[in-house]
Every structure is written in structure tokens, then in C-alpha cells.
Amino acid sequence: MAKHSVGAEAGDVGAQLAALQEITGFSLDPTLLERAITHRSYAYEHGGLPTNERLEFLGDAVLGVIITETLYRRFPDLPEGQLAKFRSAVVNMRALADVARSLRLGEFLRLGRGEESTGGRNKSSILADALEALIGAVYVEHGLEQTAIFVHRLFDPLIERAAALGAGLDWKTSLQELTSAQALGVPFYDISESGPDHEKTFTAEVRVAGTVYGSGCGRSKKEAEQRAAQEAWLRIRRNIDETVS
């Protein structure tokens, strides 16, 4: 799907909203849906239109309740501190942005010219906020039960991956613990970057005992390192399981 220009015609906007509704799987009031994808930069340039920030505020709270209840019920033996770590592994800006990218949400955003020119459609902070606003819109229109269905469709895979780490630890911490337990040594990360200053891409490679076990790309060094650590953790864990079996 082509990216939508800031000056889209009314017919294009209607088609855009219809396409977004199809992706979400919910029928939503067009005015509400339009607000959910309106960034403050666009609103400012067009005379102070309503932004998605109120919906984002609501969606953040609703998402937190749904994920927290899910973890509470699924892991009855975990204490509060571990549940909190688990939740933060599932509900964070990077995870939300990745989910938003899976929905191609960036293609639908209404951005001001400044954000448009500096890669705003792929900025993790903008995508995470827009996803929360979309969740807020689903809640306003359909209530908690239907919103929970929507959230589970998007976030259950993240919960499954986090469960593999035990208590929701981040991938870098989990990789270090795994390599220590297996006496493999300390992971080292090599970082490279490419692209213009306003739209840099970082690439990380993680080595353990001189062997590259994982690599990953991201909009920040931290994001790239986490993805490299995830790939390395899964590869080493798979090697251990194959050896045991």
C-alpha cells in the first residue's frame, strides 16, 4: 500500500479509513478512527484539530488493565515484582511500535510536514502512541470485552515470547544469564550505523566466545542490541535443547 500524503483528498481519506478498519477487524466510527491516527503535528498545521492524545491516554490504561489481568491469571505463582517485570517486557515502546508496524499503522498516520520529512511514520514513539490511541478508539466504540479480543490478538505472541524468558526479563539480561549458566562467557555487542542523522539505522551483532550468535537492526542502539540478544538467546537455547535430546 502506498503511503498517504498529508494533503489527501476526502475520497482518499475514506478509502484509507476503510482499509485501516479492515486491518483492525473492527467497525469504528470514521470520526473516531480519524482522530486516533491524527498526530499533534498535523493538528497544529491544520488549525488545532483534535489529536489522538486523549485516546492514547485511554488506550494506555485499557491495555495495561488487559495485559495485567492476563498475566495475573496465567501466572498465579509469580509475585508482584516479577509480574511487573513481565508486563514491562510486553508493554513498552519498542514492543508497541513493533505491533504497530505489523498492522502497517504508520501508513495511515496523519502527520505534519516536519514529522513527515524526518521519518515520523517509522518513529517508535509515534507508532506506539498511535497504537494506544487505536486501542482507545476500539474501547470507546465496543467496550472492554471486544477490546480484550483485539489486544489478545496483537499481544498474545509477545506474552508467549516473554514467557520463554521467565518472569519477563529483557533479552540482554536473559542472554547474559544463559551464557553464564552454560559457562560460555560474556556476550559482546558490535554496533554499526547507517543512514542520515534524522533517520539512522543501527545494526548490532552479539558475539559469545568469538562466535556471532545473533544480529538485529533498530532505530536505536538499544533496540538493535535487544533484537540481536533475542536471536542469540533463541539460537543458544535451541542448541542446548538439541544436545540434551
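Any value given below was found using the heavy atoms of this structure, including those in side chains, with hydrogens, waters and symmetry copies removed.
- Sorted by first and then second residue, the side-chain hydrogen bond (donor to acceptor under 3.5 Å, both in side chains) pairs involving residues 204-214 (not counting sequence neighbours) are D190-R207.
- Applying the side-chain hydrogen bond (donor to acceptor under 3.5 Å, both in side chains) test to every pair with at least one member in residues 53-65, sequence neighbours left out, gives these pairs: R40-E53.
- A distance-only check finds no donor-acceptor pair linking the side chain of S180 to the backbone of Q176 [under 3.5 Å].
- Salt bridge status for E223 with R227: present, with a side-chain N to carboxylate O gap under 4.0 Å.
- We find that K123 and E115 are joined by a salt bridge, their nearest charged nitrogen and carboxylate oxygen being less than 4.0 Å apart.
- Salt bridge status for E69 with R73: present, with a side-chain N to carboxylate O gap under 4.0 Å.
- Considering all non-hydrogen atoms of both residues, A95 and L158 come closest at CB-CD1, 4.0 Å.
- Not counting sequence neighbours, E199 has no partner by the salt bridge (Lys or Arg N to Asp or Glu O under 4.0 Å) test.
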Problem set entry | Worked verdict on H39 versus I126 for side-chain contact (heavy atoms from CB on, under 4.5 Å) | CA-CA 8 Å; H39 187 259; I126 292 178; 3.8 Å; yes
Using atom types as modelled, flag every donor-acceptor pair under 3.5 Å from a side chain in residues 130-148 to any protein atom, sequence neighbours excluded.
residue: E141; atom: OE1; partner: D29; partner atom: N; Å: 3.4
residue: E141; atom: OE2; partner: D29; partner atom: N; Å: 3.4
residue: H142; atom: NE2; partner: S27; partner atom: O; Å: 2.7
residue: T147; atom: OG1; partner: Y139; partner atom: N; Å: 3.3
residue: T147; atom: OG1; partner: G143; partner atom: O; Å: 2.6

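- Residues L17 and I37 meet the side-chain proximity criterion, which asks for heavy atoms closer than 4.5 Å.
- Salt-bridge annotation for E193 and K200: present, with a side-chain N of the basic residue lying under 4.0 Å from a carboxylate O of the acidic one.
- Of the charged side-chain nitrogens involved, none lies within less than 4.0 Å of a carboxylate oxygen, so that K222 and E225 do not count as a salt-bridged pair.
- Residues meeting the ring pair (Phe, Tyr, Trp, His ring centres under 6.0 Å) test with F75, sequence neighbours left out: F86.
- By the side-chain contact (heavy atoms from CB on, under 4.5 Å) test, A229 is found to be paired with W171, K172, L175, Y189, residues two or more places apart in sequence or in another chain being considered.
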